[in-house]
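Have a look at the structure below, then the notes.
Values below: every heavy atom of this structure, side chains too, minus hydrogens, waters and symmetry copies. Chain letters run A, B, ... following the sequence lines, proteins first, then strands; residues in each count from 1.
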Amino acid sequence: MTAPSAPRKLSILREGTSQYLAVDPDGFRAHIRDNKQRALKSRLMTAKEAVERFVSDGDYLTYECNYLMRGPNEVVHEIIRQGKKRLWAAGKFTYVDVALLVDAGCVSRADCGFFLSAPPIDRALKEGRLEVFEYSNVIMTLRLQAGAMGVPFLPVRSFGGTDGFDHSGAKLITDPYTGDPITIVPALNPDVAVIHAHQADVYGNARIFGTGVSDVESALASKKVIISAEEIVETAEIRRNPGATSIPYYAVDAVVHSTYGSYPGTCPGYYGSDPEGVFEVFRAIMSDQVQPYLDKWVRPFETFEQMLDERVGKPKLEAMRARETAREGYSA
Amino acid sequence: MTRAEAFSEREVAMCTVAHLIEDGRTYWAAGGGTPLYAVLLGQKLYAPDAQYVTEDGVISPEPLLPFEPMMTMVASRAVHHALQWGTMNSAGVHAQLGHMDYGVLNTLQVDQHGNINSTFLGEYGGSGRRFGGPGGADTIAACCWRTILITDQDRRKFVKQVDFISSPGFLDGTPGARERAGLPRDTGPWRVVTPWAMYDYSERRLRLMARVPWVSVEEILAECEWKPLVASEVQVLEPPTEEELQLLRTELDVRGQTTDAAGGWITWDGEQYVRA
């Protein structure tokens, strides 16, 4: 087969009409050139400092996994504690995170792949405190993939024909190669990504074991990247097995040592979830009691570590670790 | 196989889907809960060479059962001894490539053309009620060769046109509608399973093809706001067996989160099954 001799006419067949984060690959490249640290210098800092320096009001925020499963919960708590405002959240693969951040007053826009819709979300929508734009989990992670490739959009084989499409930034175009209709979605380059890893060195070389949603895509696609890690390891240990590095240091702006950082969720291979804590956050959201939840678990404490010490306690944390018996594959 | 004495309606739906699971096929299960349990039930009892992939891209795990509460993805017990650990994009791309034979998902609302709503009931953006969104179901419904949908048998769930298409069925039902929307060729809805019935499609329209022994066709149709086509011969489904229920209750849905008694119970009265 040869390429068609006459040029095909490119046409846009249908367009979503919702607002989406502006697409600007060259602006992103310039940001990377001007702001990312290429030297092997320590980025180790506290969650407080990381959020003060790298999360700004109005930022587009992506977090990896979710509050129940290897979520960057220490950093999420710190964002709530510092009262960040007008964040735009990538609400993919989520039960409770969006509802927590909305009711805490931090998030006012959300792209939806999946997040638990519950009274705090319903109220925020009714009161005009929240705008939602429609995608799906895979469409959100493919948008991050496009952002991580430095291209402005990606053709995708799902999402066409849905009502979500009409309430998104997607377009249906004529594929210039096959002549068939194809959906394209805008690249997503979040302002900030927060990701919880199993291990990282002080420069930000990070290892994530087990499965995940879009850790690597989010890290590469985002202007500012905060990695929290269960363990800080020597760089010599990273160099011992380079194939195990999930995220390279030059994408990373901050490294936070965050042991039990996914509490009350699980960090697979390291500790299981705290079922009591999981039910508590779920119940708080379904019964519209997020404020009492935050008053109990977030606001009274200076740090996440203080919360773990005073509110959870060593015996429970040790029990979570002991219960995690499926450990094969969670090491380099 | 042993006759079961009593079971819940949700258990019936999961067992019906389990009977559809085939050896040598791949199943992409949406989220945790009903779809995943139905696939595992079928694999463990009838189709040991059926393979499944989770939303977070885990290929053919040998999960440690039961799962901890709500920990059906990412968590170590759910992804144990997989052939590969992936990501949401690897699962989505493998489906785009054609590796997923069947998608299994559940929903709030389905229409005559198999379109699925899991986003909004009522006029979008109006005073209706928002739900979680498509999650992984949109890509499952778009890219798997065949889609099995699980829902409740309820008037409000079987409608002429869903309020919001979260995940695609046959769209407006015209030939080629999916392809014109950019979706892969030859894909689409295949079965809808409820605690009372199983549906297939005829010319891209929903058709009642089978019922459970304790419910009549008329009762099923009364629980459909929009009446589906009815096959000339409506088959009778096999009820759950004691072995299926045992596995479901002791290894899969041990806390009853998914199989709770909300939909009512069916019991054996010595001669036939009756709704309690």
Side-chain angles (χ1 to χ4, degrees), chain A residues 65 68-70 91-93 95 112-117 121-122 125-126 132 134-139 141-142 144-145 156-165 167 172 175 180-183 210-217 266 268-269 272-273 275 278-279 282 324-330, chain B residues 31 54-58 64 68-71 73-77 79-82 85-89 91-93 95-96 115 117-120 124-125 127 129-143 162-168 171-172 177-184:
Chain A
C65 289
L68 309 184
M69 297 153 186
R70 194 170 43 75
K92 62 189 159 43
F93 197 82
Y95 286 114
C112 179
F114 182 88
F115 57 81
L116 200 62
S117 198
I121 298 286
D122 292 342
L125 284 169
K126 210 160 282 177
V132 178
E134 311 292 349
Y135 296 91
S136 74
N137 280 344
V138 175
I139 293 301
T141 57
L142 287 173
L144 288 164
Q145 174 70 51
V156 298
R157 299 306 305 276
S158 53
F159 205 41
T162 66
D163 286 317
F165 176 103
H167 298 278
L172 185 71
D175 171 359
D180 293 332
I182 183 77
T183 298
T211 77
V213 178
S214 48
D215 302 283
V216 176
E217 295 91 324
T266 175
S273 67
V278 165
F279 284 131
F282 200 71
E324 186 69 344
T325 51
R327 291 170 179 268
E328 280 175 273
Y330 297 93
Chain B
T54 63
E55 220 176 289
D56 49 325
V58 177
L64 296 173
E68 297 206 330
M70 318 224 11
M71 295 292 147
M73 287 184 287
V74 185
S76 63
R77 297 178 67 83
V79 308
H80 186 61
H81 281 184
W85 281 337
T87 65
M88 186 148 280
N89 277 336
V93 167
Q96 283 196 166
N115 299 306
N117 179 11
S118 49
T119 302
F120 208 89
Y124 181 75
S127 59
R129 181 157 172 222
R130 189 177 174 87
F131 289 83
D138 166 54
T139 305
I140 291 174
C143 295
V162 288
D163 296 334
F164 189 99
I165 301 179
S166 311
S167 305
L171 302 177
D172 66 5
R178 286 171 64 92
E179 289 81 354
R180 285 194 300 279
L183 304 182

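- Taking each heavy atom of A:Thr162 and B:Ser166 in turn, the nearest pair found is CG2-O, 3.6 Å.
- In this structure, chain B has a heavy atom under 4.5 Å from the side chain of A:Val278, while its backbone stays farther away.
- Using modelled atom types, one side-chain atom of B:Asn89 and one backbone atom of A:Leu142 make a donor-acceptor pair closer than 3.5 Å.
- Residue A:Leu172 touches chain B through its side chain alone, counting heavy-atom pairs closer than 4.5 Å.
- In this structure, the portion of A:Leu125 lying under 4.5 Å from any heavy atom of chain B is its side chain and not its backbone.
- Heavy-atom distances place the side chain of B:Val79, and not its backbone, under 4.5 Å from chain A.
- In this structure, CD on A:Glu134 lies 11.5 Å from CG on B:Asp138, to the nearest 0.5 angstrom.
- Of the atoms belonging to B:Thr119, it is side-chain heavy atoms, and not backbone ones, that fall under 4.5 Å from chain A.
- Between A:Val156 and B:Gln96, the closest side-chain pair of non-hydrogen atoms falls below 4.5 Å.
- Considering B:Val74, B:Thr87, B:Thr54 in turn, B:Val74 is the only one that fulfils the side-chain contact (heavy atoms from CB on, under 4.5 Å) rule with A:Thr211.
- The line from CE of B:Met88 to CZ of A:Phe93 is 5.0 Å long, rounded to the nearest 0.5 Å.
- Closest of all the heavy-atom pairs between A:Ser158 and B:Cys143 is CB-SG, 4.2 Å.
- Of the residues considered (B:Arg129, B:His81, B:Arg178), B:His81 shows the highest number of contacts with chain A, using heavy-atom pairs under 4.5 Å.
- With a 4.5 angstrom heavy-atom cutoff, A:Phe159 touches chain B via backbone and side-chain atoms both.
- Counting heavy-atom pairs closer than 4.5 Å to chain A, the top-ranked of the candidates B:Leu64, B:Asn115, B:Thr139 is B:Thr139.
- Your options are A:Leu68, A:Val213, A:Val216, A:Ile139, and the one with the most heavy-atom pairs under 4.5 Å with chain B is A:Val213.
- When every heavy atom of A:Arg157 is checked against every heavy atom of B:Ala142, the shortest pair comes out as O-CB, 4.0 Å.
- Heavy atoms of B:Phe131 lying under 4.5 Å from chain A belong exclusively to its backbone.
- The greatest number of non-hydrogen atom pairs below 4.5 Å with chain B, out of A:His167, A:Lys126, A:Glu328, is found for A:His167.
- With A:Ser117 contributing its side chain and B:Arg130 its backbone, the two residues share a donor-acceptor pair below 3.5 Å.
- Between B:Gly132 and A:Cys112, the shortest heavy-atom distance links the atoms O-SG, 3.5 Å.
- Each of A:Gly91, A:Pro275, A:Cys65, A:Ser136 has some count of heavy-atom pairs under 4.5 Å with chain B, and the biggest count is that of A:Ser136.
- The choice from B:Pro69, B:Gly92, B:Ser118, B:Pro134 that makes the most heavy-atom pairs within less than 4.5 Å of chain A is B:Pro134.
- Here the closest non-hydrogen pair linking A:Gly161 and B:Ala181 is N-CB, 3.6 Å.
- Chain B forms more heavy-atom pairs under 4.5 Å with one residue of A:Tyr135, A:Phe115, A:Phe165 than with any other, namely A:Phe115.
- In this structure, the side chains of B:Ser76 and A:Thr266 stay at 4.5 Å or more apart for every pair of heavy atoms.
- One distance of note links OG1 of A:Thr141 with CG of B:Asp56; it measures 11.5 Å at 0.5 Å rounding.
- Expressed to the nearest 0.5 Å, how far NE2 of B:His80 lies from OG1 of A:Thr325 amounts to 8.0 Å.
- Counting heavy-atom pairs closer than 4.5 Å to chain B, the top residue among A:Gly329, A:Gly272, A:Gly160 is A:Gly160.
- When heavy atoms are compared at a cutoff of 4.5 Å, B:Leu171 approaches chain A solely by way of its side chain, counted from C-beta outward.
- Scanning both residues, B:Tyr124 and A:Val132, for their nearest heavy atoms gives OH-O, 3.9 Å.
- Note: A:Asp163 CG to B:Ile165 CD1 = 5.0 Å, rounded to the nearest 0.5 Å.
- Under a 4.0 Å N-O distance rule, the pair A:Lys92/B:Glu55 does not qualify as a salt bridge.
- Counting heavy-atom pairs under 4.5 Å between each of A:Gly269, A:Gly164, A:Pro181 and chain B puts A:Pro181 at the top.
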